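Computed from a predicted model, the values in this text were never measured in an experiment. Just the heavy atoms: all of them, side chains too, but no hydrogens, waters or symmetry mates, feed the values below.
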Amino acid sequence: MKTFSWTRCCATLAAAACLLGLTTAASANGYPEQPIRLLIGFPPGGGGDLYGRTIANELGKHIGKPIVVENKPGAGGNIAAELMTQAKPDGYTLLLAMSGNLGSAPAIRNNLTYKVPDDFVFISQLVETPYGLVVSGDSKIKTIQDYVAAAKGGQLSYASTGTGGAAQIVMEMVKQQGNLDVLHVPYKGSGPVMTDLMSGLVGSFFAPYTPLMGQINSGKLRVIAVSSEKRVPSMPNVPTLKESGIDVVMTQWYGLVAPKGTPQPIIDKITQAVKQAMQTPEVQRVYRADGAQESTLTGAAFREFVLKDIANYKRGVERGNLKVE
């Protein structure tokens, strides 16, 4: 009697598992049946918003339904990340993840309502862009050597777009590696930074340089070093920090993630569509225009990249004894 009941139970479970598998496959085959949301943690008009909208437009063409961008600015992109983890894991809500909300934030903030990588399914990294050490075009500082000399004399300040953000943590790494004495001046956005940088109220700005290419090309701003492994092709005369004797290699990156629990067949379908979208001339034109570099990392490789990024930020936080104010 017990043997019969156990056999029947096993058969029932097997049937249920088979039905579940068929249901998942069917939902993946029919996906998507409605527009997909893409949460972007920044207001319209910035570099991150541009990268997100560009991939959203092309991804929609390849996956068969529109990708609707929803800007959810605040807390350096962390609000958007939190909202995304509250969404159903059905493939209809994606997040434009970046080095702030999934890289530096977990390294310095203990009060995040989400966990990296546990709360996310990593789809594809999209693009990387180096940080740039920027001065006014009228500055007496012409080279990274000039900057180091002035910084060691305690005569410089640098602006970032917020205490505890990715840019400040990376600049603290630069200070540690170069033994530089530079005062940090936090701002709430790049607009006020530009005003004070041009007027000389702050001596330098450390940030991803791609949104500033207009001012750089016009001569209003000067990039004296970048944080990439190699020189940027669009600025071949600008040295890297590493070749200048400051061994810091960090980039700001953007990618797509979904809530944990999103079925793998749906993730696979999105990944394939992203791959196709990334090969289109429009995406490449936008991403390359400012010297950014497209990425080919997907799935587990993208996840591993993020874990290494968090570890690098943690080292910078610990060595600089940084805290969020």
Side-chain angles (χ1 to χ4, degrees), residues 47-48 50-51 54-55 97-100 102-104 124-135 137 141-148 151 158 160 165-180 182 204-217 219 221-255 275 278-279 281 283-298 301-313 315-316 319:
L50 174 63
Y51 294 144
T54 298
I55 195 64
M98 45 85 68
S99 50
L102 265 65
S104 64
S124 179
Q125 190 179 54
L126 302 173
V127 65
E128 287 186 80
T129 177
Y131 294 92
L133 186 54
V134 181
V135 297
I141 295 174
K142 308 295 183 183
T143 66
I144 183 64
Q145 289 76 20
D146 294 341
Y147 190 89
V148 169
Y158 84 92
S160 79
Q168 189 215 354
I169 297 174
V170 177
M171 185 59 184
E172 290 300 320
M173 296 180 190
V174 173
K175 289 170 59 177
Q176 295 158 20
Q177 287 288 329
N179 192 27
L180 309 181
V182 188
S204 58
F205 183 32
F206 192 78
Y209 66 85
T210 50
L212 309 175
M213 286 303 296
Q215 295 99 315
I216 293 168
N217 290 333
L221 298 177
R222 180 186 303 120
V223 182
I224 58 174
V226 292
S227 66
S228 49
E229 180 72 36
K230 299 179 180 180
R231 293 194 181 198
V232 177
S234 60
M235 297 188 297
N237 295 325
V238 177
T240 66
L241 291 167
K242 186 174 182 178
E243 72 178 273
S244 304
I246 301 174
D247 192 8
V248 173
V249 178
M250 293 289 286
T251 59
Q252 179 159 288
W253 53 265
Y254 296 90
K275 182 178 179 180
M278 290 291 290
Q279 295 172 350
V283 169
Q284 293 181 356
R285 181 189 67 79
V286 173
Y287 284 6
R288 295 175 184 177
D290 294 334
Q293 178 64 51
E294 306 102 282
S295 173
T296 59
L297 296 181
T298 61
F302 179 25
R303 183 180 187 273
E304 184 64 24
F305 174 94
V306 172
L307 290 176
K308 291 180 179 178
D309 200 54
I310 293 172
N312 287 333
Y313 279 117
R315 282 192 288 270
R319 290 174 184 173

Would you check if the side chain of [X] reaches a backbone N or O of [Y] as a donor-acceptor pair within less than 3.5 Å?
X: E304; Y: A301; result: no
X: S227; Y: Y131; result: yes
X: K175; Y: V182; result: yes
X: S295; Y: L297; result: yes
X: N217; Y: M213; result: yes
X: S228; Y: R231; result: no

May I ask you to test the [X]-[Y] pair for a side-chain heavy-atom distance under 4.5 Å?
X: F206; Y: V134; result: no
X: Q252; Y: S99; result: yes
X: V135; Y: L221; result: no
X: M278; Y: V127; result: no
X: Y209; Y: P130; result: yes
X: L212; Y: F205; result: yes
X: W253; Y: F302; result: yes
X: Q125; Y: Y254; result: no

Can you tell me how far [atom2] of [Y] sits from [atom1] of [X], rounded to the nearest 0.5 angstrom?
X: S234; Y: I216; atom1: OG; atom2: CD1; answer: 8.5 Å
X: I246; Y: T240; atom1: CD1; atom2: OG1; answer: 10.0 Å
X: T298; Y: L126; atom1: OG1; atom2: CG; answer: 11.5 Å
X: K308; Y: R303; atom1: NZ; atom2: CZ; answer: 13.0 Å
X: Q293; Y: E229; atom1: CD; atom2: CD; answer: 13.0 Å
X: M250; Y: I169; atom1: CE; atom2: CD1; answer: 8.0 Å

Item to check | Salt bridge present between R319 and E172 (N-O < 4.0 angstrom) | outcome: no
Checklist entry - Going by an N to O cut-off under 4.0 Å, is there a salt bridge joining R288 and E294? => result yes
Checklist outcome for this item: Test side chain to side chain contact (heavy atoms under 4.5 Å, CB included), reference I224, set I141, L241, T143, output is I141
Next on the checklist: Tell me whether K275 at atom NZ has more than 12 heavy atoms from other residues, nucleotides or ligands lying less than 6.0 Å away.
Outcome noted: no
Using distance alone, with no hydrogens and no angle criterion, decide if [X] and [Y] have a side-chain donor and acceptor under 3.5 Å apart.
X: T251; Y: E128; value: yes
X: S204; Y: Y147; value: yes
X: T210; Y: Y51; value: yes

Testing the basics here: between [X] and [Y], what is the closest heavy-atom pair and its distance to 0.1 Å?
X: V306; Y: L102; result: CG1-O, 3.4 Å
X: G103; Y: D309; result: CA-OD2, 4.0 Å
X: A167; Y: A207; result: CB-CA, 4.5 Å
X: V248; Y: V170; result: CG1-CG1, 4.1 Å

